[in-house]
J.: 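Sharing a structure with you now.
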Protein chains: 2
Amino acid sequence: MSLSSRRSDARANRERILAVAREALAADPEASIHSIAKAAGVGQGTLYRHFPTREALVLGVYREGIDDLVVLASSLLDEHRPMRAFRLWCRRFGEYAREKHGIAALIRSAMSERHFAETYSMMVDAVRRMMQACSDEGELSDPADPEDFLQALALFMQLATTADGLARSERLLDLAFRGLGARDGPEQTTAYGSKAGAPE
Amino acid sequence: MSLSSRRSDARANRERILAVAREALAADPEASIHSIAKAAGVGQGTLYRHFPTREALVLGVYREGIDDLVVLASSLLDEHRPMRAFRLWCRRFGEYAREKHGIAALIRSAMSERHFAETYSMMVDAVRRMMQACSDEGELSDPADPEDFLQALALFMQLATTADGLARSERLLDLAFRGLGARDGPEQTTAYGSKAGAPE
DNA sequence: ACCTGAACACCGTTCAAGT
DNA sequence: ACCTGAACACCGTTCAAGT
């Protein structure tokens, strides 16, 4: 029993570290490992046992939200015309990136990270599905590589730390959509009962 | 005379620091201040006397090249059709960014830096002039804010550290140009004798 | 006036020592 | 097996002391 209680302690430590890190990184994306370990009430060694590198910790913190985004892509595609779904998803992604400051840089670096490869490829697939749906519906005449577009999104979001930057990132997103040859679906179609105004 | 020789020594120090930093930062964009000071044969304090912060040093190193880019915009506009000039300039900017790794991040942060404000606004103006010329010639149907576009350029160039990233940054640049509604000028016009193939 | 370089307050990461 | 926290090798920056 001592073994399993040890292990459950370790498990609890891991969860506590994640919870503390989630909060600390939201408050300050450059919060130090020392401060996170201290706030979690563990030694730095313990933190490193669970997350062998700073990036691994950040990954652990953001993975959940990113998985949510992948799921969101599907449900938006079910509920809206493809282009509207795609745009809403990008907006949601932007909001998430603004909360969790580090995510944009993370997605950039995560491209090559082993441990994040699966989650990353699921994101790329989500973008691919949305883009494909838009193409199929003739709402997008000039599709690009989904991974390219995801990377562009992540880059734009690096700007969204200030109010000005946020506005700029949205304008650049519009520019990118124009680059894709996006034609917003026939909003006058009342079939979906969308008022086209208030999103969410 | 001791005063002026002091000052000329200081001046020489400054130049030497810049020269060494230029090389060191090209080799490793994260080269430390300590190592640069040592390589320049001065104490850290001396380096800090001339460049009160790391960013100031990086700024000093890159300013010359950036000024060159501003001048280049004008000469390209003289020699080529506007859209061709614009595209060539972006390519040249990309090459410069690949040599001097730090420049993309710099342009992002320099937006708000007092000491860089003048150089930065000259860059924005260069982009504005090229965009305007394209518009005037009907080669660009959907112009964007020049500063937005410059920031997008700087972001894309953050990708260009690897061969794959470079290719991606070029695809994203194409995407952005499509977003601007870029129509490449009538290349069949032989008036300029361009073979449209090999650039440079 | 200008320079030096030890020193400071950090950082991410490691590892001997404990339980 | 898991944890602790001092210690290491850095970093950018400062500042008393020299000339």
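Just so we're on the same page: letters track the sequence lines, and every chain starts at 1.
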J.: Do the side chain of A:Gln44 and the main chain of A:His34 share a donor and acceptor less than 3.5 angstrom apart?
T.: no

J.: Between the side chains of A:Arg129 and A:Ser74, is a donor N or O closer than 3.5 angstrom to an acceptor N or O?
T.: yes

J.: Could you tell me the separation between the CG atom of B:Asp9 and the C1' atom of D:dT19, rounded to a whole number of Å?
T.: 12 Å

J.: So if I take every side-chain heavy atom of B:Gln44 and compare against D:dT4, D:dT13, D:dA6, which nucleotide ends up nearest?
T.: D:dT13

J.: Step by step, work out the side chain to side chain contact (heavy atoms under 4.5 Å, CB included) result for B:Arg168 and A:Gln151.
T.: CA-CA 9 Å; B:Arg168 193 190 302 284; A:Gln151 289 290 326; 3.9 Å; yes

J.: Taking ring-ring contact (aromatic ring centres under 6.0 Å, His included) as the definition, give me every residue that meets it alongside B:Phe177, ordered by chain and number, with sequence neighbours left out.
T.: B:Phe86, B:Phe149

J.: May I ask you to list the residues of residues 23-38 of chain A, by number, that have any heavy atom positioned under 4.0 Å from an atom of DNA chain D?
T.: A:His34

J.: Which heavy atom in B:Leu180 sits nearest to a heavy atom in B:Leu140, and how many Å separate them?
T.: O-CD2, 3.1 Å

J.: Stems involving DNA chain D: give each as a range paired with a range, ordered by first number, where a stem means at least three consecutive Watson-Crick or G-U wobble pairs under 3.5 Å.
T.: C:4-8 with D:12-16, C:12-16 with D:4-8

J.: Testing the basics here: between A:Cys90 and A:Met157, what is the closest heavy-atom pair and its distance to 0.1 Å?
T.: O-CE, 3.9 Å

J.: With sequence neighbours excluded, what pairs up with A:Glu23 under the salt bridge (Lys or Arg N to Asp or Glu O under 4.0 Å) test?
T.: none

J.: Counting heavy atoms from C-beta on, name the nucleotide in D:dT4, D:dC3, C:dC3 closest to the side chain of B:Asn13.
T.: C:dC3

J.: Do any N or O atoms from the side chain of B:Thr53 and from the backbone of B:Ala56 form a donor-acceptor pair under 3.5 angstrom?
T.: no

J.: Starting from the 5' end of DNA chain C, give me the residue, B:Arg14 or A:Thr46, whose nearest nucleotide shows up first.
T.: B:Arg14

J.: Where along residues 47-57 of chain A does a heavy atom fall under 4.0 Å from DNA chain D?
T.: A:Arg49, A:His50

J.: Please collect all side chain to side chain donor-acceptor pair (under 3.5 Å) contacts where either partner lies in residues 60-69 of chain B, sequence neighbours excluded, each pair once.
T.: B:Arg22-B:Glu64, B:Arg63-B:Thr119

J.: Run through B:Val58, B:Leu18, B:Ile33 and flag the one making a side chain to side chain contact (heavy atoms under 4.5 Å, CB included) with B:Phe51.
T.: B:Leu18

